[in-house]
K.L.:
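Input: one structure, supplied below.
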Amino acid sequence: MEATSTSRRVRSVLAIKPFRRLLASSYLCSVGDWLGFLALSGLASQLLHGYFAQNFAFAGVVLTNLAPGLIFAPIGGVLADRFDRRTVMVVTDLVRCALFVSIPLVGTVWWLFGANFLVGCMAMLWVPAKDSSVPNLMRRRAQIETANQVGLVVTYGCAVLTGALLYAVLSGIYTSLRVGQSPMEISGLIVMISGCCYAVSAIIIRTRIPEISGRTGKRERVGDGEGFLRMLREGLRIAGATPLIRGLLLGMIGAFAAAGAVIGTARQYAQSLLSGESVLGVLFVTLFCGLATGMVLAPRIAHRMTHNRLFGVAIVVAGLALAASAISPHLVMSLITVYIVGAAAGIAFLTGITIIGAQVEDEVRGRVNSVYQSLMKVMLFGSTVASPILVGLTQQHRIELFGREMIMDGTRPVLGGAGLLAALSGVIAYRQMGDRSTESILANLVRMVRGRGARTSGLLLTVEGGGDALVTEQATRIAEWLRARGMTTVFVGDHEQRAGTIAETAQLHSPKARALLAAAVRAEAGDREIRPALQQGAAVVTVRFAETGERELDALTDWATERLRPDITVLLDNATETDPESPWRVSTTVAELAAADPDRYVVVDADQEPDALIAEITGRLAALLGTTEEDGRGRSEGSDEPDRRLG
């Protein structure tokens, strides 16, 4: 059922038209990136003369593309927060198109590297604007992680394959069919085609995704340079002063430093295993397979561990696995450790992006994204360059370890040191980001390996909808129905009603104060009533405990209840008798949540007789719980989790 749940989450995200169009734009830009990278590498090697210079062609293209991250990433974040994001993306796409088209027209190696540097600069302005726009296109907070997951698959999966395939086909037109004037002209043509990808992306963004503009009314007016510099300084100050962001960035420093060490020492490490030249390709394939696996598994694991905790743990696991690969004497052991490194890195990368999208305010999200991108580029660049230098300081020695001969050279201490650095950064990130879970990490990991959620058993069911009397009555009858089927059942009252009583007594009228009070009531109920009952294997029936569809309120709920969410939500759809002043009443967005995940929501028409209503509800619940109305078999206290189709 996990695959079904994942498929449903992806479909719910792709059903959002603005995001689907933004995804198409990202796909085109990524194809242009990868296709242009391959074509520029080939064109550079043809423009350069001499063996040494031609060997530098590939490295020159890589370094000139990475270098802009040292300068332009922070500026890109300010632009994303200050100006219309759609305008920023359209302009940078058009500039990239013009630069790519100009490279073969100018035809000099110096302009190739210079234009590639400028293309990288434009990318560092485009990416923060795009990443900051994604959360605003989602209908609910829970979709942000899935959207990031889909985006990474498109960028580092589909686009890579498409770019490589296009390059192979277009290059084969000359090499196989002998069509064209020269390899240089074919490479130049491919570079121009790459530029056209950005032009099409600009057209899509300008004409089909007006929603990206989003918060233009909230942004400051474009003024003097002092405002721009102030926003840049403010973004850096926020990144350093906020524990959540500081922990996120410190964790990624160690992770990307380790990644750069892997890239910089890959060939020498492969040679040290004495397994042949092809082992380098095998190691890279294994690493990327692990990366893809981690990105797929991250949302599932996040249901059993908080994002803040998962981020730190994943980096620690990646670091320890990398350190283990440093002492590996055999290819098989190296493949296992490298796969674990990739999987943990994929989890950490996706989780980090999700934390930025879900927990960082929109007003500063662009700058946080830009600092994130900048650190990634800086650490990759510096570590990739420094690692071969450090390796060269150590002489090679042949030794025997565990009965297996291997070469001991500088790659081993460099990889070992990088792994320990990453593990240490993961620990620091965890401590900085302030995870509130009372469960120990070891117990959390054991439970996660066993495939269990945040609790070992139990069922949490909430009833939502308008009309206090109707909702409470139906919740009570559902609890009686569950007891009649042998399930130990606990009924918890209306949290909204409790909060309202306290608010009236304390004379609280501010919407923010009432929302905080409602969150406090939920936290108290979760700690004192709901969670203990669930841990005993009971079914808990409560009222008004579902998501609201409002990102800020759901984030507050996650903090208050430690991500405690109902397994099943019964929504009485009558849209009457709701309190417009209450921020916690279920909005129309919940109907969208129900449509996207029917295995967790039961939506019934409340405008019918009470007996007919409870009959319809229990019939739907019986299907979800894997029982029937005829069988009296239920679940007794202490039994395993109910057989229900839940995501």
K.L.:
Could you list the donor-acceptor pairs under 3.5 angstrom formed by side chains in residues 281-291, with sequence neighbours left out?
P.N.:
{"residue": "Thr286", "atom": "OG1", "partner": "Val282", "partner atom": "O", "Å": "2.8"}

K.L.:
Heavy atoms only: give me the nearest Gly254-Ala422 pair and the separation to one decimal.
P.N.:
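Nearest pair, atom of Gly254 first, then Ala422: O-CB, 3.7 Å.
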K.L.:
Could you tell me which residues satisfy side chain to side chain contact (heavy atoms under 4.5 Å, CB included) with Ile340, sequence neighbours excluded, listed by chain and number?
P.N.:
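Result, side chain to side chain contact (heavy atoms under 4.5 Å, CB included) vs Ile340: Val317, Ala321, Ile336.
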K.L.:
Find out whether Val540 and Glu529 are in side-chain contact, i.e. whether some heavy atom of one side chain is under 4.5 Å from a heavy atom of the other.
P.N.:
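Not touching, per the 4.5 Å side-chain cut-off.
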K.L.:
Hey, does the Lys NZ or Arg CZ of Arg309 hover above the aromatic six-ring of Tyr430, less than 6.0 Å from the centre and inside 45° of the axis?
P.N.:
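Judged by the rule, Arg309 and Tyr430 form no cation-pi pair.
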K.L.:
Is there a donor-acceptor pair closer than 3.5 Å between any side-chain N or O of Ser325 and the backbone N or O of Leu322?
P.N.:
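Here the side-chain-to-backbone pair exists.
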K.L.:
Sequence neighbours left out, what passes salt bridge (charged side-chain N to carboxylate O under 4.0 Å, His left out) with Arg528? Give chain and number order.
P.N.:
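Salt bridge (charged side-chain N to carboxylate O under 4.0 Å, His left out) list for Arg528, sorted by chain: Glu524.
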K.L.:
Could you tell me if the side chain of Leu137 sits less than 4.5 Å from the side chain of Leu22, heavy atoms only?
P.N.:
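In contact.
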K.L.:
Which heavy-atom pair separates Thr337 from Ala324 by the least distance, and what is that distance?
P.N.:
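It is CG2-CB, 4.0 Å.
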K.L.:
Roughly how far, to the nearest 0.5 Å, is the OH atom of Tyr167 from the CG atom of Leu35?
P.N.:
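Those atoms lie 9.0 Å apart.
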K.L.:
Between Phe349 and Phe256, is any pair of side-chain heavy atoms under 4.5 Å apart?
P.N.:
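The answer is yes, as the side chains (C-beta and beyond) meet within the 4.5 Å cut-off.
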K.L.:
Look only at the side chain of Ser383 and the backbone of Ala261, and say whether a donor-acceptor pair between them is shorter than 3.5 Å.
P.N.:
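Here the side-chain-to-backbone pair exists.
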K.L.:
Short question: side chain of Arg85, backbone of Ser132 - any donor-acceptor pair under 3.5 Å?
P.N.:
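Flag set: sc Arg85 to bb Ser132 pair under 3.5 Å.
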K.L.:
Report the distance from atom OG1 of Thr155 to atom CH2 of Trp34, rounding to the nearest 0.5 Å.
P.N.:
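Between Thr155 OG1 and Trp34 CH2, I get 9.5 Å after rounding to 0.5 Å.
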K.L.:
Check side-chain hydrogen bond (donor to acceptor under 3.5 Å, both in side chains) between Ser334 and all other residues, then give those that pass, not counting sequence neighbours.
P.N.:
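Listed in chain order: Tyr269, Ser328.
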K.L.:
Which atoms form the tightest heavy-atom contact between Ala164 and Leu38, and what is the distance?
P.N.:
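Looks like CA-CD1, 4.0 Å.
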K.L.:
Considering only heavy atoms from C-beta outward, does the side chain of Ser26 approach that of Lys130 to under 4.5 Å?
P.N.:
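Yes, close enough: below the 4.5 Å cut-off.
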K.L.:
Shortest non-hydrogen contact from Pro532 to Gly526?
P.N.:
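Here Pro532 and Gly526 meet closest at CD-O, 3.8 Å.
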K.L.:
Asp567 side chain to Leu460 main-chain N or O, any donor-acceptor pair under 3.5 Å?
P.N.:
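Yes, the answer is positive, given that a donor and an acceptor are paired below the 3.5 Å cut-off.
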K.L.:
My understanding is that only residues two or more places apart in sequence, or in another chain, count here; which of them pass side-chain hydrogen bond (donor to acceptor under 3.5 Å, both in side chains) with Tyr339?
P.N.:
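Partners of Tyr339 under the side-chain hydrogen bond (donor to acceptor under 3.5 Å, both in side chains) test: Thr293.
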K.L.:
Might you point out which heavy atoms bring Pro566 and Thr462 nearest each other, and give the distance in Å?
P.N.:
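Scanning both residues, the minimum pair turns out to be CG-CG2, 3.5 Å.
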K.L.:
Under the rule for side-chain hydrogen bond (donor to acceptor under 3.5 Å, both in side chains), what residues qualify as partners of Thr162, not counting sequence neighbours?
P.N.:
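Applying side-chain hydrogen bond (donor to acceptor under 3.5 Å, both in side chains) to Thr162 gives Tyr27.
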K.L.:
Atom CD1 of Ile315 and atom CG of Leu421: how far apart are they, to the nearest 0.5 Å?
P.N.:
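Atom-to-atom, Ile315:CD1 and Leu421:CG are 10.5 Å apart.
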K.L.:
Can you see which heavy atom on Asn308 is nearest to which on Met433, and at what distance?
P.N.:
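Nearest heavy atoms, Asn308 then Met433: ND2-O, 3.3 Å.
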K.L.:
Hey, could you give me the CG/NE2 distance between Leu244 and His307, rounded to the nearest 0.5 Å?
P.N.:
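Reported value, rounded in 0.5 Å steps: 12.0 Å.
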K.L.:
Would you call Phe311 and Ile347 a side-chain contact if the rule is heavy atoms closer than 4.5 Å?
P.N.:
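A side-chain contact under 4.5 Å is absent here.
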K.L.:
Between the main-chain N or O of Leu248 and the side-chain N or O of Gln432, is there a donor-acceptor pair closer than 3.5 Å?
P.N.:
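No, because the side chain of Gln432 does not come within donor-acceptor range (under 3.5 Å) of the backbone of Leu248.
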K.L.:
Which value, rounded to the nearest 0.5 Å, describes the distance between Met295 atom CE and Asn148 atom CG?
P.N.:
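Separation between the atoms: 10.5 Å.
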K.L.:
Below 4.5 Å, heavy atoms only, C-beta onward: do Ser133 and Phe19 meet side chain to side chain?
P.N.:
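They are not in contact (no side-chain heavy atoms under 4.5 Å apart), so the answer is no.
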K.L.:
Taking side chain as C-beta onward, heavy atoms only, is Leu250 less than 4.5 Å from Ser425?
P.N.:
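A side-chain contact under 4.5 Å is absent here.
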K.L.:
Given the rule in the side-chain contact (heavy atoms from CB on, under 4.5 Å) test, do Gln149 and Val13 qualify, once you have shown the distances and angles that lead to the verdict?
P.N.:
CA-CA 10 Å; Gln149 185 182 26; Val13 167; over 6 Å; no
K.L.:
Indicate yes or no: at least one non-hydrogen side-chain atom of Leu564 is less than 4.5 angstrom from one of Arg531.
P.N.:
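They are in contact (side-chain heavy atoms under 4.5 Å apart), so the answer is yes.
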K.L.:
Roughly how far, to the nearest 0.5 Å, is CG of Leu390 from CG of Leu415?
P.N.:
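Between atom CG of Leu415 and atom CG of Leu390 there are 11.0 Å.
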